[in-house]
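Everything on this sheet refers to the single structure shown next.
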2 protein chains.
Amino acid sequence: MGARRKLDYDCPIRDVLDRVGDAWSVLTILELSKGPCRFNALRRVIDGISQRMLAVTLRHLERDGLISRRVLPTAPPQVEYALTDRGQSLHAAIGQLNSWAVEHQPGIRADRAEYDDRPDVA
Amino acid sequence: MGARRKLDYDCPIRDVLDRVGDAWSVLTILELSKGPCRFNALRRVIDGISQRMLAVTLRHLERDGLISRRVLPTAPPQVEYALTDRGQSLHAAIGQLNSWAVEHQPGIRADRAEYDDRPDVA
DNA sequence: TGTGGCGGTTCCCTGAAGGTAACTATGAGA
DNA sequence: TCTCATAGTTACCTTCAGGGAACCGCCACA
């Protein structure tokens, strides 16, 4: 949140919004919901994300216990990320929100158009 | 979103995240879910919000058809904001997310503490 | 004739988010 | 031997969201 106001008075939903309000976090969770994935593979599939932001995002998600990080004992060591159970459940919750979005998007779009069209500068 | 990337490829959830990812929008919806409220009353009760951000937030919510704006024919005209049906339903969806947050916050907090404590700079 | 509340709008300026690019080490393959 | 991929980290720089303050017209009250 741009506003670093402390309206985070221990409010639980602020914790989740800090993740869910972040586009990269959501996209990353969506990707990982399809199955485990490595760093550069994620980078290639999450269109437009920078190396730095992917690293930062993954660290945040890992810190919150939403994803797991596993280093594979391969030649150049590869790192596999996967959703934890908690991450899965958040993915489900996001799905709920997504359903709401899908259901209401047409109406929202229409209202926006109407709002933008009316010249009631009055 | 700081990133003005166009990962908004018509993705419905981006629309809703643009509102839900915004702290002020959520707080405003939460306040209005208790009942209609006027501008300055909202300002007083939403701790820390600036006049400008309240105006901006209300306009966004109104544009998306989540709240209604009604000018009362009083002496100094007062303006009453209220959740629309769509706003109510979003409030419900936020409630779902809130439940998730409340349920998982202890675990998240614990994992964060653990993550921060371990000095595996290795 | 102020002063205050109503509901905003406009300006400027800062602080933080995030992009870019350079750098790290290791091993495989040409 | 040179180059690529693996997974990051770090420094630098730009952008823009949002805070703060000033300002608006209007009316009531004292």
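In what follows, chains carry the letters A, B, and so on, assigned in the order in which the sequence lines appear, proteins first and then strands, with residues in each chain numbered from 1. These numbers come from a predicted model, not from an experiment. Hydrogens, waters and symmetry mates play no part in the numbers below; they use all other heavy atoms, side chains included.
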_Please pick, from D:dG19, C:dG8, D:dA7, the nucleotide with the shortest atom-to-atom distance to any side-chain atom of B:Ala55._
C:dG8
*Using atom CD of A:Gln51 as one end and atom P of C:dG19 as the other, report the distance to the nearest whole Å.*
12 Å
*What do you reckon, is CD of A:Glu80 surrounded by more than 12 foreign heavy atoms closer than 6.0 Å?*
yes
*asked:* In this structure, how many angstroms lie between the C1' atom of C:dA28 and the CD atom of A:Gln78, rounded?
replied: 12 Å
*Closest heavy-atom contact between B:Gly65 and B:Thr84?*
O-OG1, 2.7 Å
*Over how many whole Å does the gap from A:Trp24 atom CH2 to C:dG19 atom C1' extend?*
10 Å
*asked:* Does B:Ser50 reach a base, just sugar-phosphate, or nothing at all? Heavy atoms under 4.0 Å.
replied: sugar-phosphate
*So does A:Arg52 get a side-chain nitrogen or oxygen closer than 4.0 Å to the phosphate oxygens (OP1/OP2) of C:dT20?*
no
*Determine: side-chain N/O of B:Asn40 to OP1/OP2 of C:dC6, distance under 4.0 Å, yes or no.*
yes
*Give a yes/no on whether any side-chain N or O of B:Arg43 is located under 4.0 angstrom from OP1 or OP2 of C:dC6.*
no
*Taking all non-hydrogen atoms of both residues, which atom of B:Leu97 and which atom of A:Leu17 are closest, and how far apart?*
CD2-CD2, 4.2 Å
_Any non-hydrogen side-chain atom of A:Arg86 less than 4.5 Å from a side-chain atom of B:Trp100?_
yes
*Whole angstrom is fine here: how far is it from CZ in B:Arg59 over to P in C:dG7?*
12 Å
*So which nucleotide from C:dG7, D:dG8, C:dC6 ends up closest to the side chain of B:Pro76?*
C:dC6
*Take the protein atom NE2 of A:His60 and the nucleotide atom C1' of C:dA16, then report the distance between them rounded to whole Å.*
13 Å
*asked:* Taking the minimum atom-to-atom distance to the side chain of A:Met53, which one of C:dA28, C:dG7, C:dG19 wins?
replied: C:dG19
*asked:* Could you tell me how far apart B:Leu42 (CG) and C:dG8 (C1') are, to the nearest whole angstrom?
replied: 14 Å
_Between P on D:dT6 and CG on A:Leu58, what's the gap in Å once rounded to a whole number?_
15 Å
*Given atom CD1 of A:Ile49 and atom P of C:dA17, what is their separation to the nearest angstrom?*
16 Å
*Taking only N and O in the side chain of A:Arg44, is any of them less than 4.0 Å away from OP1 or OP2 of D:dA5?*
no
*Closest heavy-atom contact between B:Leu32 and B:Tyr81?*
CD2-O, 3.6 Å
